[in-house]
Amino acid sequence: MEKLSYASESSTSPWVTYLRQIDRVAPHLGDLAHWIETLRHPKRALIVDIPLQMDDGTIRHFEGYRVQHNLSRGPGKGGVRYHPDVDLNEVMALSAWMTIKCAALNLPYGGAKGGIRVDPFSLSEGELERLTRRYTSEIGLIIGPQKDIPAPDVGTNGKVMAWMMDTYSMNHGTTITGVVTGKPIHLGGSLGREKATGRGVFITGCEVAKRSGIEIEGAKIALQGFGNVGSEAARLFEKAGARIVAVQDHSATLYNEAGIDLTELTVWQAESKQIAGFPGAQEIAKEEFWTLQMDILIPAALEGQITRERAENLSCKLVLEGANGPTYPEADDVLAERGILVVPDVICNAGGVTVSYFEWVQDMASFFWSEEEINQRMDKIITDAIAHVCDKAEEKNCSLRTSAYIVACERILLARKDRGIYPG
Ligand code: GLU
């Protein structure tokens with residue numbers, strides 16, 4: 001196996017986590033395993049320099065990335081992350097997880113991801129817009145509605161997608177809405193897109209809970225991350241009778257045995273830009289979050305959160321991965337030994353990219369669907385996918401993650417095999 005010079009070998013790096021997940025699926029792939037090396041190499045990675053004139057007249061340079069991990073099944077698809085910890089290794093892993101996710105859901109896409117190493121909250125709105133437009137122009141070489149379609153991720157939103165769509169369109173002399181998804185509704189966005197990821201976490205969580213006899217009503221839930229994904233998933237679980245007993249974000253860890261009122265927390269967060277200081281709960285130490293009594297844990301922030309040590313102390317029955325890559329492979333083993341079920345990211349948070357797919361189809365057809373139609377179609381795709389993954393896990397006697405990887409890798413490698421290697 002050829003080693004990649006630019007991938008960190010640190011055992012905690014996201015790319016290494018991904019490679020270990022691939023190692024685990026290989027023995028289940030039969031003859032297709034012959035092609036698996038392709039998944040250990042991103043197809044294309046672009047690093048761009050983004051010079052930015054700040055409001056005070058100084059010039060700063062930011063590093064941006066777009067990685068297309070695999071395009072065997074269609075154009076690249078995946079979000080754009082603005083975060084100070086973004087680096088090539090992380091974007092490579094995130095792009096690979098998109099390859100697996102799109103294939104697990106049978107969406108006609110490969111996997112891609114982008115990002116800028118920046119704290120978006122430290123920029124003014126004007127600076128953020130100029131940064132986004134220059135980044136879009138730089139990666140304009142490799143994106144496009146038939147090539148690679150970005151979307152929101154951590155630190156980006158509909159407004160950023162509108163600037164990306166406009167910049168790409170300006171550079172091409174015509175409005176091309178299908179170049180990004182997650183846009184505002186009035187600019188070719190799709191109804192239901194914003195809530196789709198959280199909704200998918202809820203649907204997959206309920207399905208796995210039902211199959212394994214875990215009651216949602218009265219369940220105690222601990223949530224990490226109160227952003228777009230976590231807050232929507234939590235709201236749906238609250239509506240279904242669960243209690244959100246803990247919420248953690250970068251600013252604080254909140255705990256309330258009787259349940260945190262999410263409506264009040266949302267108002268508090270909107271006003272103070274963080275959950276810290278919320279009067280409806282008690283603040284506890286950060287590490288205590290992982291030892292709380294809970295039935296369901298929803299990590300919905302960043303990767304690399306559930307370590308072996310944390311997995312050893314967790315007291316839940318079910319982990320729903322709203323985030324991408326929150327669990328280390330060695331923690332996966334501990335959770336499996338302890339009988340804690342994990343609904344893996346590549347299925348659990350796939351509601352977002354599923355409705356992104358609908359958005360892209362609607363943009364292509366210039367014909368838009370109702371929210372009811374979108375939710376119905378999404379519910380069916382997600383429910384069928386999780387059912388298929390659960391059945392496969394029973395058949396192969398493996399974790400839901402490995403079974404999702406089996407389903408996905410069979411599709412990707414069959415496409416790879418039948419397309420063949422050019423030149424032959
Ligand atoms: N960033 C989201 C994810 O990780 C959505 C990607 C998309 O809609 O293309 O799945």
Side-chain angles (χ1 to χ4, degrees), residues 14 18 65-71 73-83 86 90-105 107-116 120 139 143-158 160-161 164-165 177-184 188-201 203-204 225 227-230 232-233 299-303 320-326 343-363 374 378 381-382 385 404 408:
Y18 163 73
Y65 313 86
R66 186 73 189 171
V67 177
Q68 295 168 347
H69 172 259
N70 186 283
L71 305 178
R73 304 181 68 255
K77 188 83 195 83
V80 174
R81 180 172 292 197
Y82 289 179
H83 191 277
V86 164
E90 183 190 49
V91 180
M92 279 166 49
L94 291 166
S95 70
W97 286 323
M98 288 309 302
T99 301
I100 305 293
K101 195 185 297 184
C102 292
L105 271 286
L107 307 179
Y109 292 131
K113 202 85 175 196
I116 305 178
I139 65 163
I143 63 168
Q146 304 298 344
K147 289 158 89 177
D148 177 1
I149 306 114
D153 195 76
V154 175
T156 59
N157 53 24
V160 172
M161 294 306 117
M164 289 189 76
M165 186 276 274
T177 53
V179 65
V180 292
T181 58
K183 301 178 294 294
S190 177
L191 293 165
R193 173 62 185 87
E194 212 163 317
K195 293 183 171 173
T197 313
R199 192 179 160 84
V201 172
I203 295 171
T204 54
N228 177 38
V229 179
E232 181 58 21
L302 296 173
E303 61 272 6
L320 306 179
E321 294 187 338
N324 291 309
V343 184
D345 48 6
V346 292
I347 288 283
C348 193
N349 70 34
V353 71
T354 301
V355 178
S356 273
Y357 165 53
F358 297 162
E359 179 173 334
W360 179 76
V361 168
Q362 292 170 86
D363 286 343
I374 285 157
M378 166 178 154
I381 290 183
I382 299 280

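Below, each value reflects all heavy atoms present in this structure, side chains not excepted, and no hydrogens, waters or symmetry copies. Atoms within a ligand are numbered from 1 in the order they appear, just like the ligands themselves.
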TODO: Please state which part of M161 comes within less than 4.0 Å of ligand 1, counting heavy atoms only: side chain, backbone, both or neither.
DONE: neither
Task: Exceeds 12 heavy-atom contacts within 6.0 angstrom, atom CD of Q362 - done: yes
TODO: Check each of P152, G352, A151 against atom 2 (C) of ligand 1 and report the one with the nearest heavy atom.
DONE: P152
Task: Nearest-contact summary for atom 10 (O) of ligand 1 - protein heavy atom, Å - done: K101 NZ, 2.6 Å
- [ ] Say whether D148 and Q68, considering side chains only, have a donor N or O and an acceptor N or O under 3.5 Å apart.
- [x] yes
Task: Test item: side-chain donor near acceptor, N324 and K101, under 3.5 Å - done: yes
Task: Close-contact set for ligand 1 against M98 heavy atoms, below 4.0 Å - done: 3 (C), 4 (O), 6 (C), 10 (O)
Task: Atoms in ligand 1 flagged as close to G78, the criterion being non-hydrogen separation under 4.0 Å - done: 9 (O)
Open item on the list: Using a 3.5 Å distance criterion without hydrogens, assess whether the side chain of N349 forms a donor-acceptor pair with backbone atoms of A323.
Closed with: yes
- [ ] Indicate, as side chain, backbone, both or neither, the part of R193 found under 4.0 angstrom from ligand 1 when only non-hydrogen atoms are considered.
- [x] side chain
TODO: Please report the shortest heavy-atom distance between G188 and D363, naming the atom on each side.
DONE: O-OD1, 2.7 Å
- [ ] Considering heavy atoms of the protein only, find what lies nearest to atom 8 (O) of ligand 1 and give residue, atom and distance to 0.1 Å.
- [x] S356 OG, 2.6 Å
TODO: Run the numbers for me: atoms of ligand 1, each under 4.0 Å from some heavy atom of K113, listed by number.
DONE: 1 (N), 3 (C), 4 (O)
Open item on the list: Between the side chains of K183 and E359, is the shortest nitrogen-to-carboxylate-oxygen separation below 4.0 Å, so that they form an ion pair?
Closed with: yes
Open item on the list: Between E90 and K113 (salt bridge meaning N to carboxylate O under 4.0 Å), is one present in this structure?
Closed with: no
Task: Per-atom contacts of ligand 1 with K77, taking only distances under 4.0 Å to non-hydrogen atoms - done: 7 (C), 9 (O)
TODO: Tell me which part of T197 gets within contact of ligand 1: side chain, backbone, both or neither, using heavy atoms under 4.0 Å.
DONE: neither
